[in-house]
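Sequential numbering from 1 along the given sequence is applied to the chain's residues.
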Amino acid sequence: MALLQPGRTKYRKQFRGKMGGIATRSNKLNFGQFGLKAMESGWLTSRQIEAARRAMTNYTKRGGRIWIRVFPDKPITKHPAEAPMGSGKGDVEGYVAVVKRGQFIFEMGAVTTDIATEAMRLAAHKLPVSTKFIIKGEF
């Protein structure tokens with residue numbers, strides 16, 4: 001299972017940061033005819049992105065084209081269970097992608113509308129943010 005994660009980072013640990021606001025980039029369909037748009041802000045772990053990608057790929061029977069528009073480059077830390085308070089920041093547990101409202105998570109092309117709709121629906125069930133299916137040219 002090849003999870004998405006950065007090859008190397010400048011700093012091993014990052015601040016948690018704020019997630020509010022509306023996406024100013026990656027908010028238009030640039031590659032495919034269909035897209036899955038985030039309707040709220042949140043974190044997507046590399047495992048969630050991979051699970052959604054597998055659901056889409058499996059449903060389309062590896063037909064069509066899928067673009068992943070988010071990349072998990074933010075390290076998330078966690079202390080081990082039953083560790084006492086203090087002793088600094090925990091170890092890096094995994095990586096997340098910060099998704100803002102209005103940002104496209106996946107795009108799909110070279111498939112029919114009904115196949116894309118169902119594939120994106122299956123993918124949306126794997127994600128922790130509410131999403132919307134978008135067709136290019138429609139509002």
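Taken together through direct or relayed side-chain contacts under 4.5 Å among Ile, Leu, Val, Met, Phe, Trp and Tyr, Ile105 and Tyr59 form part of one hydrophobic cluster. Note on Val70 and Val98: separate hydrophobic clusters, where clusters join Ile, Leu, Val, Met, Phe, Trp and Tyr whose side-chain heavy atoms are under 4.5 Å apart, directly or indirectly. Criterion: ILVMFWY side-chain heavy atoms under 4.5 Å apart, direct or through other members. Under it, Leu127 and Met120 are part of a common hydrophobic cluster.
Between His79 and Ser87, the closest side-chain pair of non-hydrogen atoms falls below 4.5 Å. Between Ser41 and Val129 there is no side-chain heavy-atom pair separated by less than 4.5 Å. Inter-residue side-chain proximity for Asn58 and Leu122 is flagged as unmet; no heavy-atom pair is nearer than 4.5 Å.
Expressed to the nearest 0.5 Å, how far NZ of Lys28 lies from CD1 of Ile134 amounts to 13.0 Å. Between the CD1 atom of Ile66 and the OG1 atom of Thr60 there is a distance of 4.5 Å, given to the nearest 0.5 Å. To the nearest 0.5 Å, atoms CD1 (Ile76) and OH (Tyr95) are separated by 10.5 Å. Interatomic distance, CZ of Phe15 versus NZ of Lys74, reported as 10.0 Å (0.5 Å rounding). With values rounded to the nearest 0.5 angstrom, Leu4 atom CG is found 5.5 Å from Phe71 atom CZ. Ile115 contributes atom CD1, which lies 12.5 Å from atom CE of Met56 (distance to the nearest 0.5 angstrom).
Counting heavy-atom neighbours within 6.0 Å of Lys136 NZ, excluding the residue itself, gives a total above 12. The number of heavy atoms from other shown groups lying within 6.0 Å of NZ (Lys89) is above 12.
With hydrogens and angles disregarded, no donor-acceptor distance shorter than 3.5 Å links the side chain of Gln103 to the backbone of Arg25. Judged purely by atom type and a 3.5 angstrom limit, Lys13 uses its side chain to pair as donor or acceptor with the backbone of Gly90.
Of all non-hydrogen atoms in Leu29 and Ile135, the two that sit nearest each other are CD1-C, 4.2 Å. Ala123 and Leu36 make their closest contact through CB-CD2, 4.5 Å (heavy atoms, listed as atom of the first residue, atom of the second, distance). Val111 approaches Ala116 most closely through the heavy-atom pair CG2-CB, 3.8 Å. Shown here for Ile68 and Arg53, the closest heavy-atom pair between the two residues is CD1-CD, 3.7 Å. When all heavy atoms are compared, the tightest approach of Lys37 to Phe104 is CB-CE2, 4.0 Å. Taking every heavy atom of both residues into account, Glu50 and Leu3 meet most closely at CB-CD2, 4.1 Å.
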(request) Please lay out, stage by stage, how Thr9 and Asp73 fare under the test side chain to side chain contact (heavy atoms under 4.5 Å, CB included). (result) CA-CA 8 Å; Thr9 54; Asp73 55 358; over 6 Å; no
(request) Apply the test side chain to side chain contact (heavy atoms under 4.5 Å, CB included) to residues Gln5 and Ser46: give CA-CA distance (whole Å), side-chain angles for both, the deciding distance (0.1 Å), then the verdict. (result) CA-CA 7 Å; Gln5 70 179 40; Ser46 50; 5.8 Å; no
(request) Could you walk me through whether Met19 and Trp43 pass the side chain to side chain contact (heavy atoms under 4.5 Å, CB included) test, one step at a time? (result) CA-CA 9 Å; Met19 275 190 286; Trp43 284 349; 3.5 Å; yes
(request) Decide side chain to side chain contact (heavy atoms under 4.5 Å, CB included) for Arg69 and Glu107; before the verdict, give the C-alpha distance in whole Å, the side-chain angles of both, and the deciding distance to 0.1 Å. (result) CA-CA 7 Å; Arg69 297 289 306 273; Glu107 289 188 31; 2.2 Å; yes
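Comment: Arg121 engages Glu118 in a salt bridge, judged by a side-chain N to carboxylate O separation of less than 4.0 angstrom.
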